[in-house]
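Data block below; observations after.
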Amino acid sequence: MCYNTWKKVDFLVKRGIVMSILDGLNSEQREAASIIDGPVLILAGAGSGKTRTITYRIAHMILEKEISPSSILAVTFTNKAAKEMKERVEKLAGEHGTRVLVSTFHSFGVRMLRTYSEKAGLMPNFNIYDAGDQRSVVSKIMKSMKMEAKEVSKLTSKISKLKEEGVTPDEYSGYAYSVQEKNFVEVYRKYCEELKRNNAIDFSDILLYTNILFKDKEILERAQDRFRYIMIDEYQDTNKIQYEIVKKLASKYRNICVVGDEDQSIYRFRGADIKNILDFEKDYKEAKVVKLERNYRSTDIIVESASAIISKNISSKGKKLWTDKKSSHKIKLYEAYDAAAEAEFIVKEIEKLKEAGKEFSDFTILYRTNAQSRLFEDSFRKKSIPYKIYGSIEFYQRKEIKDIMAYLCVINNQNDSLSLARILNVPARGIGDTTIEKLEKFREAMNVSLYYAIKNCDAVNELSPAVKTKLKSVAMLFESWIEKSEYDTTSDIVKDILEKTSYIEKIEENEREERGRNIQELINGIIEKESETGYISLQDYLEEMSLVSGTDNLEESEKAVKLMTIHSSKGLEFPVVFIAGMEEELFPNSKSNVDNEELEEERRLCYVAITRAEEKLYLTYSKQRSIYGITSYYRVRSRFIDEIPNKNIEFVGSEGKVIEAFAETDSFEDQNYMKNMEFLFSKKKSAPAEDDYRIGDMIVHKSYGKGKIVGIEKLKEKKDDNDKLKIQFFESGEKSFRRGMLERFIIN
DNA sequence: CTGTCGTTTATTTTT
DNA sequence: TAAACGACAG
């Protein structure tokens with residue numbers, strides 16, 4: 001409905017014919033949207049019209065409560081969600097809608113940081129580092145500390161996690177006792193220093209600094225007075241620091257409305273804390289709680305099945321999702337001989353349904369891990385069916401794109417030594433590792449940027465004259481680009497970079513076409529933005545590029561089958577959904593076998609996957625699958641399948657025949673029992689050899705059944721037999737055994 | 001400084 | 001299995 005329509009509605013309202021904008025909502029949604037003052041918690045089940053409720057709420061505030069649109073802040077997690085919400089608000093509230101700030105947490109933060117950069121100890125032209133940049137910094141530091149550059153990703157994510165929990169290196173050093181931990185603190189500290197030197201921030205910093213800015217009373221109060229009405233979407237996925245930012249911002253007027261679904265919290269591994277939503281009522285005692293339980297998306301079979309699965313979770317607030325969409329389509333379950341057969345079945349099924357009148361774009365295949373997409377690609381290509389994979393290798397993570405971006409980063413911010421080091425010899429221009437090392441040493445000693453070191457390379461004695469000439473010519477190039485950036489468009493600068501460096505010509509021939517195409521796509525993207533807004537500054541462009549992700553450009557119009565991980569499907573809906581790889585160890589993931597919280601997260605993931613489907617849902621699994629080159633046989637179907645009421649499932653055999661006696665095939669428990677038996681009677685009963693146990697090994701104990709080794713405690717005596725094994729049994733909980741005492745049968 | 005060969009090591013990833 | 005990285009020879 002457009003603004004003009006609302007003018008008409010307004011007219012009708014005055015005549016008493018229509019009461020309010022909110023008449024476009026059902027009674028629960030209306031209740032949620034009509035409470036404007038004070039804290040509100042909206043628990044919105046999957047497909048319950050969450051976005052509709054929020055946008056109507058905003059329109060209601062502006063048009064009927066005469067609240068100034070610029071005092072409304074709506075925070076989402078993805079740019080896509082922000083864009084969609086913004087569009088819908090503008091449709092409802094017209095011009096007023098454009099003044100509402102709809103933003104992601106991160107772009108809100110960057111906005112604050114650009115305004116108050118000095119207060120955060122930054123220069124306003126700071127660059128934003130992504131995960132790859134973070135890893136490069138960490139690995140460089142580790143090398144400089146003569147540490148083995150192992151587990152870089154682990155350390156990097158640990159740093160991010162600590163930052164987002166607000167723990168500084170100094171604070172953490174108090175907890176670091178082991179050598180390893182002490183080294184880590186050093187890496188962490190140096191990492192922070194390096195970013196500062198480069199005038200760069202990472203994603204966690206955006207939130208961290210924002211939170212720090214809000215410790216300044218004046219800044220906080222200005223923000224509070226500006227944004228008197230706050231709405232947070234997907235609140236179940238907020239982490240600690242986001243929680244704190246929100247808390248500060250809302251503390252003055254307490255007009256905070258959070259929307260979320262604890263059953264769809266799937267980013268725990270990234271620091272999302274489900275407690276934020278579960279404890280909202282404790283934080284805001286006067287909070288009103290509204291549940292949206294009517295699902296408009298899916299059929300009754302799908303809704304009922306999803307609810308049945310999620311009811312197994314303890315950490316649920318207990319919504320009762322319902323729908324009046326009756327359906328005759330049961331969930332189809334297919335058991336494949338191997339993973340290739342699984343893919344083939346799905347492709348055949350898609351062909352069949354296409355003949356019956358569906359479009360390719362109606363189908364979506366969901367899987368737990370990205371690696372699973374390969375098989376489907378092969379099958380689709382064989383049949384030349386159009387398909388599109390979302391979120392596998394992000395566009396902007398490609399080498400050529402990152403290279404160009406690095407050039408731009410240096411032009412924007414000469415302190416960014418990381419970006420400069422990346423492209424100093426790209427394309428190859430005879431500046432090798434040794435040269436870079438010498439320069440690094442120099443800049444370390446003089447405490448200057450790499451850029452400065454290159455510009456003044458005459459002062460570096462160890463460098464040969466030939467190298468100095470090369471370095472100076474690079475510096476000259478950058479000088480010219482920096483000058484250019486004052487008056488030229490970003491797209492022209494990119495073109496100039498390509499030209500002056502012969503970047504494309506120097507790509508290896510067999511890769512030139514594809515990479516060249518990607519670069520062209522990048523340029524087209526810039527030109528598009530420039531034509532939209534007239535002009536986009538280098539800084540704004542870089543900012544946008546670092547905050548926008550690959551899943552944002554999911555184009556609806558494309559007539560292709562969609563493939564994506566379950567994670568990236570959140571918030572989306574599709575007519576026909578296939579969930580592939582419904583197997584134990586894969587989904588739920590093997591790591592969740594021991595940790596119940598992990599298992600609950602997997603279950604929520606399953607809930608998300610199922611509730612994406614509007615009409616038809618297929619679950620498939622395979623008896624064989626190779627993972628990392630090792631083929632595992634006799635795979636057991638996912639326990640989640642058995643958590644769905646039997647009557648909702650139709651078992652389809654490998655020939656596509658319907659087999660009635662689905663219930664009689666082996667369930668997770670049955671198969672486990674069989675497996676136990678198999679191993680009890682197998683010859684693998686030999687006494688344990690040295691180093692035969694590893695954490696994660698499956699074992700079967702005579703009286704306690706199947707379990708997993710979760711810990712090995714080395715005792716001081718040298719006898720391995722005295723090692724204590726901590727075992728988590730599926731049935732009887734955690735128990736410890738002396739290695740020598742244990743009768744065991746390792747399964748895998 | 002560049003290219004090749006063997007070794008290593010694997011979820012999920014809104015920003 | 002396959003990609004990505006580090007060591008070493010040219």
Side-chain angles (χ1 to χ4, degrees), chain A residues 75-83 103-110 128-132 134-135 139 143 148-154 156-157 160 164 201-207 210 233-234 236-239 241-242 264-272 339 366-372 374-375 390-394 396-397 399 425 428-437 464 466-467 470 508 543-552 554 564-572 581 585-592 598 601-602 604-606 608-609 625-631:
Chain A
V75 180
T76 63
F77 272 77
T78 64
N79 294 295
K80 189 169 176 282
K83 201 174 141 198
S103 146
T104 63
F105 265 107
H106 292 264
S107 46
F108 175 76
V110 171
I128 299 167
Y129 281 180
D130 68 10
Q134 285 180 283
R135 279 196 295 270
S139 115
K143 273 177 205 156
E148 235 187 306
K150 249 185 166 181
E151 300 183 317
V152 172
S153 325
K154 263 188 200 151
T156 312
S157 59
S160 293
E164 300 203 5
I201 57 174
D202 62 25
F203 284 124
S204 317
D205 283 331
I206 297 176
L207 303 173
T210 306
D233 194 12
E234 307 277 15
Q236 78 280 358
D237 285 327
T238 48
N239 62 25
I241 202 148
Q242 288 165 332
Q264 292 188 66
S265 165
I266 56 174
Y267 285 101
R268 193 175 87 107
F269 67 95
R270 271 184 110 187
L366 302 178
Y367 35 77
R368 176 69 240 265
T369 65
N370 272 317
Q372 287 168 258
R374 265 196 96 81
L375 272 328
Y390 291 93
S392 48
I393 310 154
E394 308 284 3
Y396 63 90
Q397 287 199 11
K399 276 184 215 96
N425 197 31
R429 39 171 95 88
I431 304 168
D433 289 346
T434 28
T435 308
I436 294 181
E437 222 168 86
S464 70
V467 170
K470 284 178 195 158
E508 260 190 76
E543 180 183 314
E544 208 178 312
M545 283 296 286
S546 14
L547 296 181
V548 163
S549 81
T551 23
D552 287 330
L554 193 138
M564 63 186 87
T565 62
I566 301 169
H567 279 91
S568 39
S569 76
K570 204 175 91 174
L572 306 172
E585 309 282 286
L586 182 62
F587 189 30
N589 201 46
S590 52
K591 285 205 175 147
S592 63
E598 280 293 323
E601 176 116 338
E602 294 285 310
R604 290 191 291 268
L605 199 52
C606 185
V608 168
R625 182 181 301 272
S626 347
I627 298 170
Y628 307 140
I630 298 158
T631 311

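Protein chains get the first letters and strands the later ones, always in sequence-line order, with residue 1 at the start of each.
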Fill in: A:Arg368 side chain, from C-beta outward: closest of C:dA2, B:dT11, B:dT13
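Looking only at side-chain atoms, A:Arg368 lies closest to B:dT11.
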Worksheet item: When you measure from the side chain of A:Phe203, which nucleotide among B:dT15, C:dA3, B:dT12 comes out closest?
Response: B:dT15
Practice prompt. Tell me which of A:Arg429 and A:Phe77 sits closer to the 5' end of DNA chain B, going by the nucleotide each one is nearest to.
Written response: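 So the residue in question is A:Arg429.
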Fill in: Upstream residue (5' side of DNA chain B) when A:Thr238 and A:Ile436 are each assigned their closest nucleotide
A:Ile436
Just how far, in rounded Å, is [atom2] of [N] from [atom1] of [X]?
{"X": "A:Arg625", "N": "C:dT1", "atom1": "CZ", "atom2": "P", "answer": "16 Å"}
{"X": "A:Arg135", "N": "C:dA4", "atom1": "CZ", "atom2": "P", "answer": "11 Å"}
{"X": "A:Ile566", "N": "B:dT13", "atom1": "CD1", "atom2": "C1'", "answer": "14 Å"}
{"X": "A:Leu572", "N": "B:dT14", "atom1": "CG", "atom2": "C1'", "answer": "11 Å"}
{"X": "A:Leu207", "N": "B:dT15", "atom1": "CG", "atom2": "C1'", "answer": "8 Å"}
{"X": "A:Asp130", "N": "B:dT15", "atom1": "CG", "atom2": "P", "answer": "12 Å"}

Worksheet entry | Sugar-phosphate only, base, or nothing, as touched by A:Tyr267 at under 4.0 Å among non-hydrogen atoms |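 If one applies the 4.0 Å heavy-atom cut-off, A:Tyr267 turns out to touch a base.
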Practice prompt. Using a heavy-atom cut-off of under 4.0 Å over every strand shown, decide if A:Ile431 touches base, sugar-phosphate, or nothing.
Written response: sugar-phosphate
Looking at [X], I'd like to know whether one of its side-chain N or O atoms comes within less than 4.0 Å of OP1 or OP2 on [N].
{"X": "A:Thr565", "N": "B:dT13", "result": "yes"}
{"X": "A:Asn425", "N": "B:dC1", "result": "no"}
{"X": "A:Thr435", "N": "B:dC1", "result": "yes"}
{"X": "A:Asn239", "N": "B:dT15", "result": "no"}
{"X": "A:Asn370", "N": "B:dT13", "result": "yes"}
{"X": "A:Thr434", "N": "B:dC1", "result": "yes"}

Discussion item. Using the side chain to side chain contact (heavy atoms under 4.5 Å, CB included) criterion, which residues pair with A:Ile431? Sequence neighbours excluded.
Written reply: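 Residues passing side chain to side chain contact (heavy atoms under 4.5 Å, CB included) with A:Ile431: A:Leu424, A:Asn425, A:Arg429, A:Thr435, A:Ile436, A:Lys470, A:Leu471, A:Val474.
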Discussion item. Centroid distance below 5.5 Å plus an interplanar angle below 30 degrees: do A:Tyr628 and B:dT9 meet both conditions?
Written reply: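 No.
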Worksheet item: So, does A:Ser568 use its side chain to make a donor-acceptor pair with the main chain of A:Met564 at under 3.5 Å?
Response: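 Between the backbone of A:Met564 and the side chain of A:Ser568 there is no qualifying donor-acceptor contact (under 3.5 Å).
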Item to complete: Give a yes or no answer on whether the side chain of A:Asn79 reaches the backbone of A:Leu547 with a donor-acceptor pair at less than 3.5 Å.
Response: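 Flag set: sc A:Asn79 to bb A:Leu547 pair under 3.5 Å.
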Fill in: Salt-bridge contact A:Asp237-A:Arg268 (side-chain N to carboxylate O under 4.0 Å)
no
Fill in: Presence of donor-acceptor pair under 3.5 Å, side chain of A:Arg270 and base of B:dT15
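Yes.
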Item to complete: Rounded to the nearest 0.5 Å, what's the gap from CD1 on A:Ile566 to CG on A:Leu605? Could you check?
Response: 4.5 Å
